[in-house]
Protein chains: 2
Amino acid sequence: MPTSSDKPDPSAAPLPSEGARAILVAAETLFASRGYDAVSMNAIAQAAGVSKANIFHHFSNKKALYLEVLRSACSHESAELLRELEQQSGPVIERLRHFVGHHLDSLLRNERSARLIQREVYQSSDAQAKELAEHVFGANFERLVELIKAGQAQGELRADIEPALIAVLLLAGNILFFDTRRVLRHLPGADFAADPARFTRMATDALLQGIQLNK
Amino acid sequence: MPTSSDKPDPSAAPLPSEGARAILVAAETLFASRGYDAVSMNAIAQAAGVSKANIFHHFSNKKALYLEVLRSACSHESAELLRELEQQSGPVIERLRHFVGHHLDSLLRNERSARLIQREVYQSSDAQAKELAEHVFGANFERLVELIKAGQAQGELRADIEPALIAVLLLAGNILFFDTRRVLRHLPGADFAADPARFTRMATDALLQGIQLNK
DNA sequence: GCTGTTGCTGACCGACCGGTCAGTCAGTGG
DNA sequence: CCACTGACTGACCGGTCGGTCAGCAACAGC
């Protein structure tokens, strides 16, 4: 009998084997840059320096490998952002500024994970979307909304805007920047595309204070 | 042979034949929802109700078909937005409000085109990104930036923010909404996810007036 | 009649796909 | 020493991929 090909449990933490690690790394890189269908098991095997059959020894099939890559990316990404949201103190506006700046920085540093998750979000079915909202983004988003609510309660932020909307707007600029920065760089007048930190600072300022001139 | 001399072709592009139209429509739907690699020529042929060989009769290969689908999507999308930006009159702020609202509406109505173009933007190489910036988004973006500059010159908008940054922020909310609305719907407190028009109105208001409480 | 030309098709091709299988090899407990 | 195990591999499977090609039906002009 060959090795038992039991399915990897999505909730419990399976064993991160030694040889499987290289496969996961190679697969993450390829899946993130080219997408699921454009990456063959042969390509992953070659990139990982192992035989194709070896991948099937560690993962039951291609989909299971992809899900495992996605799972690790989600947990990694989620943990980093939650950590960032928790530790801060001081005025809410300063905490928001810091978080937004860190968020874009995190996207750019963990580009592969971010791309993988985004790909999943952008083409998810309704059922998948609900799962993503609850198990991947729920905690982070709720934490951010709580922070905004606190800012409203303390009179730092306008209370007549839904806090969730503010959260979305704060993240929208970052995500658009992350997604389109290569194109942005070639648009006229968008020289901020080359400087993420400057973009985040200016965008957050604009959103906080408004772009309309107060008479 | 271009025997159809009775029909004046509006663009320099080749004529969209009768039988080729069905292929283009089927291909656009499939490419938009599943991506290039996940769609086979067999699937396109079946969806279009023709033989696979017929596709190769009208298009030299899969890539050429994809590029043709992309080209028509780009020209269609671009023309609609440019038209919207040109005709308006009145205060700049009102024109911006109207444009942003129409932009999200356009994204949702032409979901397939929008998805196709986004897919291209998000995974474009540097060379492709430059081409997209110059030939697809350049005109629209520049027009929007000009409108913002006019608003700044007339004292309607703050002049200390780069106009291109304002343009990006105005579009960012819409695009994030379009991309993540399925996930958004399941996030706590984001009930605006079900009402695009309301989202756009509130988001634009927030951006125009700022979310910080003015003492 | 014949002769292109055009739109279209079924049959087919080599390459590659995800996945399987028999078997090798190093380690290890008894 | 042996028996067993898990990591690993080359060869191979059926099936599908993008793409080709000879040919058919319809229709024009001669």
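All values derive from a computational prediction rather than experimental measurement. Residue numbering restarts at 1 for every chain, and letters A, B, ... go by the order of the sequence lines.
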Within a radius of less than 6.0 Å around CZ of A/Arg143, do more than 12 heavy atoms belonging to other residues, nucleotides or ligands occur?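 Open: at most 12 neighbouring heavy atoms sit under 6.0 Å from CZ of A/Arg143.
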May I have the step-by-step check of side-chain contact (heavy atoms from CB on, under 4.5 Å) for B/Tyr122 and B/Asp179, ending in yes or no? CA-CA 12 Å; B/Tyr122 290 171; B/Asp179 285 338; 2.9 Å; yes
Return the value, rounded to whole Å, for the distance between atom CD of A/Gln46 and atom C1' of D/dG10.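 Those two atoms, CD and C1', are 15 Å apart.
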B/His58 NE2 to C/dT6 C1', in whole Å, measures 10 Å
Report yes if a side-chain nitrogen or oxygen of A/Asn54 is closer than 4.0 Å to either non-bridging phosphate oxygen (OP1 or OP2) of D/dA7; otherwise report no.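 Result: no.
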Please tell me if B/His57 has a side-chain N or O lying less than 4.0 Å from either OP1 or OP2 of C/dC8. no
Yes or no on salt bridge (charged side-chain N to carboxylate O under 4.0 Å, His left out) for A/Arg34 and A/Glu28, after CA distance, side-chain angles and deciding distance? CA-CA 10 Å; A/Arg34 283 185 245 169; A/Glu28 182 185 16; over 6 Å; no
Are any of the side-chain nitrogens in A/Glu120 or A/Arg115 under 4.0 Å away from the carboxylate oxygens of its partner? no
Contact string for nucleotides 15-21 of chain D, one letter per nucleotide 5' to 3', B = base within protein heavy-atom range under 4.0 Å, S = sugar-phosphate only, - = neither, reads --SBBBB
Once the angle between the rings of B/Phe31 and B/Tyr36 is folded into 0 to 90°, is it parallel (under 30°), tilted (30 to 60°) or perpendicular (over 60°)? parallel
Atom pair CD (B/Glu80) and NE2 (B/His103), whose distance is rounded to the nearest 0.5 Å: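 Reported to 0.5 Å precision, the distance equals 10.0 Å.
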